[in-house]
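In each ligand, atom 1 is the first atom listed, and ligand 1 is the first ligand listed. Below, each value reflects all heavy atoms present in this structure, side chains not excepted, and no hydrogens, waters or symmetry copies.
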Amino acid sequence: MAGTAGAALALLPVAASAHAQLVGSSPAPGAVLATLPATVDLYFTEPVTPAGRGISVYGPDGRLVSNGTARAQGVQLTVGLGAAMDGTYAVIWTVIAADTHPSRGEITFSVGHSSPVRGPGLGGGDVGLVSPIGLVLQSLGRWLHFAGFALGFGAATYALFVAGDPRPMRLAGAGVALLLVAEPLALFAQTASFDPAQTFDGDALTSALASSFGRVLGLRVAAAILLWAVLGALRQAPWLRWSIPALGGALALVDATAAHGTPALPQPLGLLLNALHVSAMGVWVGGLAAFAIAPSGGFGRVAAWSAGLLIVSGAALALLHFANPLQVMTTAYGEILLVKLPLVGAALYLAWRARRRWELAALVAVLAVAAVLVSLPPPR
Ligand code: HEM
């Protein structure tokens, strides 16, 4: 068991931070040089791994002039350049941050004089450093994953430990199905985030699977399959029921490595805070869905505790991700948080009025907004 846990830990990303952003480059953006340099060097806010080629440089005639895949060394990404001609060069970068989030961008520089930019370009309209369709797919994948987590682990925990009634267990099966659908979607979201035209490209998919993102995806699929197996074996081995909340907690930790790191906290504390938020979400949302099938008087206290934990851990996460209050109004991350808070307020009000179905609907909307939030770069 210790060996299995060690192997699983080794598969986790080494550090959870945020989306990698370009902070410097040689040549500098817009520079006009006398001769073509031997390499293009890009510097990021955190260590990166190249996605696909990592850096693609297109010459003034639109042809690819960079040699092979870029080399990563910590926060630096370097690629060698081939044939030189005068005019403007387009540099497109695609990287994966330590926390599995994809990001991409484009700069130009010129040799001798500027000229019209040729090459494929990024198509514009990027949101949160990825293509718009990539962001939509990422959010959808996370939403399904959170809903699957809540049903798979939360509803089963409610049925086994709160209501002592097997009827909501069918929700746990639906949760497994949602978890298993969410992961391929997350994979396509990753490739679409870099280049929508390569969403189903074999090389792009293989490269995504080989990255830290692929390792998280593998652990998530493994957790879903393990839950499936435990649900099937419960009749013969009822003692296995304890493994369901334990497995849920482990998956929440895996999820935490693919959310945003909290640079102001030691990494283990940040991961625990995030995992606590996700676990409490599972208990409240999954429990509520199960309550609709088999109501139990004990749920009120469980829901109140998990809602309390969500508010405290959520407030801590929000404080940790903003450097100043203005960023709530000036960043997409802040604006989405401002959409989430009234929805949380509505869910709490509906819980207080015991309007359970509407409470569940409000929480499903909270999950959708949380999925967008985690797909966007936080200010800090
Ligand atoms: C006052 C209430 C809340 C606040 C201030 C809050 C704040 C936050 C913040 C800032 C994040 C983003 C963390 C990151 O960028 O990595 C987050 C993530 C999340 N929140 Fe909340 N939250 C609250 C309540 C809730 C509730 C009620 C739910 C659902 C029932 C919920 C579900 C989630 C989920 C699923 C995530 C994603 C975590 C992950 O990917 O690991 N939150 N929340």
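- Taking all atoms of both residues into account, the shortest heavy-atom contact from L178 to G148 is CB-CA, 3.6 Å.
- Among V366, L367, V364, the residue whose heavy atom lies closest to atom 28 (C) of ligand 1 is V366.
- Note on ring orientation: taking the six-membered ring where Trp is involved, the planes of H260 and H19 are tilted (angle from 30° to 60°).
- A distance-only check finds a donor-acceptor pair linking the side chain of S103 to the backbone of A20 [under 3.5 Å].
- In R142, neither the side chain nor the backbone holds a heavy atom less than 4.0 Å from any atom of ligand 1.
- Listed by number with element, the atoms of ligand 1 under 4.0 angstrom from any heavy atom of L363 are 30 (C).
- Counting protein heavy atoms only, atom 9 (C) of ligand 1 is closest to L373 CD2, 3.6 Å.
- Atoms of ligand 1 found under 4.0 Å from any heavy atom of L310 (numbered from 1 in listed order, with element): 25 (C), 26 (C), 27 (C), 28 (C), 30 (C), 31 (C), 42 (N).
- Ligand 1 places these atoms under 4.0 Å from at least one heavy atom of A318: 10 (C).
- Close contacts of ligand 1 with V285, meaning ligand atoms under 4.0 Å from a residue heavy atom, involve 30 (C).
- The minimum heavy-atom distance linking L360 with V285 is given by the pair CD1-O, 3.9 Å.
- Not a single heavy atom of L320 sits closer than 4.0 Å to an atom of ligand 1.
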key: Check against salt bridge (Lys or Arg N to Asp or Glu O under 4.0 Å), R220 and D255   = CA-CA 8 Å; R220 283 176 167 166; D255 284 349; 2.8 Å; yes

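- For atom 14 (C) of ligand 1, the nearest non-hydrogen atom from the set M281, H260, H101, H277 comes from H260.
- Close approach of ligand 1 to Y333 is summarised as follows: ligand atoms under 4.0 Å from at least one heavy atom of the residue are 10 (C), 12 (C), 13 (C), 14 (C), 15 (O).
- If you look at A370 next to ligand 1, the close heavy atoms, those under 4.0 Å, all belong to the side chain.
- A 6.0 Å sphere centred on CZ of R71 holds no more than 12 heavy atoms belonging to other residues, nucleotides or ligands.
- Proximity to N274 (heavy-atom distance under 4.0 Å) selects the following atoms of ligand 1: 16 (O), 38 (C), 39 (C), 41 (O).
- Among all non-hydrogen protein atoms, the one lying nearest atom 3 (C) of ligand 1 is G314 CA, 4.0 Å.
- Counting only non-hydrogen atoms, the option in W284, F146, F322, W143 that gets closest to atom 35 (C) of ligand 1 is F146.
- No donor-acceptor pair closer than 3.5 Å links the side chain of Q198 to the backbone N or O of F194.
- Atom CZ of R356 has more than 12 heavy atoms from other residues, nucleotides or ligands within 6.0 Å.
- The aromatic rings of W242 and F161 lie tilted to each other, with the angle between the two planes from 30° to 60°.
- Taking 4.5 Å as the limit, some side-chain heavy atom of W143 sits within range of a side-chain heavy atom of V364.
- Atom 21 (Fe) of ligand 1 has an N, O or S atom of K340 closer than 2.8 Å.
- Using a 3.5 Å distance cut-off with no hydrogens or angles, the side chains of S56 and S66 do not pair a donor with an acceptor.
- Under a 4.0 Å criterion applied to the non-hydrogen atoms of V278, ligand 1 contributes the atoms 38 (C), 39 (C), 41 (O).
- Nearest-residue assignment for atom 2 (C) of ligand 1 (options V344, L319, V283; heavy-atom criterion): V344.
- Within the 4.0 Å heavy-atom cutoff, P378 does not count among the residues contacting ligand 1.
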